[in-house]
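Data block below; observations after.
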2 protein chains.
Amino acid sequence: MTCEAEDQVDSLGERSVAEGLVDPRSLIHPVRAGNTLEATFEGLLRLIKVGAVLPGQRLPPERELADSLQVSRSTLRSVLGDLQRHGYLEVRRGRYGGTFVIDSAPEKQTDVTVDPRQLQDILAYRTVVESGAARLAAEADLQAPQRRGLRRALDAASAAAPEDYRHLDSRLHIVIGELTGSRRLVDCVVESRALVNDLLDRIPLLASNLEHSNHQHQELVAAILDGDPETAESVARAHLDGTETLLRSFLNLSA
Amino acid sequence: MTCEAEDQVDSLGERSVAEGLVDPRSLIHPVRAGNTLEATFEGLLRLIKVGAVLPGQRLPPERELADSLQVSRSTLRSVLGDLQRHGYLEVRRGRYGGTFVIDSAPEKQTDVTVDPRQLQDILAYRTVVESGAARLAAEADLQAPQRRGLRRALDAASAAAPEDYRHLDSRLHIVIGELTGSRRLVDCVVESRALVNDLLDRIPLLASNLEHSNHQHQELVAAILDGDPETAESVARAHLDGTETLLRSFLNLSA
DNA sequence: ATCCAATGGTATTTTTGGAGACCTTTGATG
DNA sequence: CATCAAAGGTCTCCAAAAATACCATTGGAT
């Protein structure tokens with residue numbers, strides 16, 4: 001207990017970059033989240049939560065899905081079983097059978113307790129990812145099919161019944177992400193939406209917010225179609241700030 | 001071959017959300033990249049490439065590292081062996097031994113061929129993540145230690161010898177990411193830097209760019225310390241555009 | 001010179017996951 | 001009403017990864 005051994009100077013002795021030398025530990029984190037079973041479960045659940053597969057819709061056949069997820073069919077089946085037991089999926093055998101997403105979401109979390117750090121993590125992530133995506137989408141020069149897709153997603157969200165709103169809202173934002181041409185960014189949007197939807201499930205859905213939200217969607221899509229990045233970004237930011245304030249107030253936390 | 005079976009109407013028959021029904025296949029992708037060995041290899045290599053562990057610095061002891069990465073020690077050791085064989089690491093036994101990052105980076109890719117879609121993916125991702133992080137960092141109200149850390153990172157990058165530049169540049173941007181308080185965002189910055197550094201390794205390093213880059217860093221950090229999000233974001237964007245143009249011209253691609 | 005604690009090295013067992021073959025159910029079609 | 005193709009269900013075998021215990025090396029401290 002004599003030697004403190006804190007400042008492990010790089011003992012190779014050569015080209016020493018003396019300052020900084022921050023402990024790398026803070027940047028080291030798990031390469032894989034949980035085991036394959038868990039990761040697959042989360043992955044599929046995320047797709048459902050985000051509306052990538054809507055209630056009533058069928059998932060691809062097991063073999064194909066296993067292949068897409070790069071997971072063995074055994075593993076996938078075990079996960080599908082779990083999701084079924086949790087009430088997310090319904091499975092029907094025979095030709096024209098398959099795995100279907102169930103209509104009613106089984107869960108409504110009522111934990112209004114959220115770790116403030118985690119809340120900050122999620123909200124910061126989302127702001128960056130989604131407002132950035134909106135801007136880039138407006139910078140891209142869009143072809144006719146993309147423009148159509150965007151308009152359709154907007155119309156779907158506008159026309160949505162309250163119980164479908166969250167899914168179709170998420171889909172709209174995912175479509176916007178796709179316009180950037182960055183697969184990575186799309187994944188971020190999906191992840192961000194899944195996280196935020198989880199939080200939103202814990203607070204009431206207000207009709208007035210919904211209306212306001214729809215209005216902002218109109219503006220956002222217009223800015224993207226007009227190729228106006230500045231407006232797109234600022235509208236997106238305003239849109240996100242709305243939810244952020246809402247979440248922070250209901251989950252009673254400050255900055 | 002009579003039934004086309006394309007529009008798989010949601011056969012549950014209830015609450016049918018008729019329109020959209022986009023095939024979820026485009027959003028389904030592997031839950032895990034490769035096997036554990038590969039993922040661990042990539043993860044550690046990323047930390048090295050990005051300067052999270054600088055040449056000469058020691059990695060945490062195997063047991064601790066395995067624990068942090070959530071990987072068994074056997075797997076980790078196999079990966080460390082590979083990295084050693086590839087010339088990234090040096091291992092010394094005994095007390096005060098450990099695993100050290102080797103001084104000279106072993107590789108310089110000379111493939112100037114990059115898939116344009118991939119280039120677009122990476123650059124879009126990076127622009128969003130890093131300019132967004134810069135903005136949020138400027139919005140945050142920073143405490144003294146954070147301000148000091150930021151200044152130190154800036155000074156380190158400014159003073160860096162050309163061969164250390166890439167690492168210290170990356171570290172600066174990672175520190176900026178950390179100011180946002182979003183772990184997820186930090187991870188994105190790390191990933192983005194690792195990807196871009198790979199690309200930069202394929203093109204020459206110009207002294208004039210380096211100088212210009214340093215000047216932009218000064219402005220960026222000043223904006224963040226001043227709490228000026230707009231400036232921070234636009235300086236960051238300009239900074240990134242510089243590299244983007246450079247990369248596109250050397251890797252001779254449009255879009 | 002000896003000790004000893006921190007670190008890497010090795011070997012063994014158990015658990016998890018992947019590959020592939022084969023069985024069962026179902027309903028549209030002829 | 002028989003057929004058959006497309007889907008889920010089961011089983012078996014093997015490889016990958018995790019867990020655990022124990023061995024070997026090293027250099028500073030006494």
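Just so we're on the same page: letters track the sequence lines, and every chain starts at 1.
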For this session: Just jot down the salt bridge (charged side-chain N to carboxylate O under 4.0 Å, His left out) partners of Glu64(B), sequence neighbours excluded, or say none.
Result: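 Salt bridge (charged side-chain N to carboxylate O under 4.0 Å, His left out) list for Glu64(B), sorted by chain: Arg25(A).
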Problem set entry | Side-chain N,O (Thr75(B)) to OP1/OP2 (dA18(D)) below 4.0 Å |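 So the side-chain polar atoms of Thr75(B) do come within 4.0 Å of the phosphate oxygens OP1 or OP2 of dA18(D), strictly under.
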Exercise. Rounded to the Å, how far apart are Asp67(B) CG and dA18(D) C1'?
Worked result: 12 Å
Exercise. To the nearest angstrom, how far is Leu76(A) atom CG from dG8(D) atom P?
Worked result: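 It is 9 Å, rounded to the nearest whole Å.
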Problem set entry | Protein-to-nucleotide contact annotation, 5' to 3' order, nucleotides 2-16 of chain C [B base; S sugar-phosphate only; - none; under 4.0 Å, heavy atom] | ---BBBBBB------
For this session: Could you pull out all residues at least two apart from Arg46(B) that satisfy side-chain hydrogen bond (donor to acceptor under 3.5 Å, both in side chains)?
Result: none
Exercise. Looking at residues at least two apart in the chain, or sitting in another chain, which of them share a side-chain hydrogen bond (donor to acceptor under 3.5 Å, both in side chains) with Glu178(A)?
Worked result: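 Glu178(A) satisfies side-chain hydrogen bond (donor to acceptor under 3.5 Å, both in side chains) with no other residue.
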Problem set entry | With Phe41(A) via ring pair (Phe, Tyr, Trp, His ring centres under 6.0 Å) - residues at least two apart |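 Testing Phe41(A) for ring pair (Phe, Tyr, Trp, His ring centres under 6.0 Å), a comparison that skips the adjacent residues, returns His86(A).
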Seminar exercise, completed: Those residues at least two apart in sequence (or on a different chain) that pass ring pair (Phe, Tyr, Trp, His ring centres under 6.0 Å) with His173(A) are His217(A), His239(A)
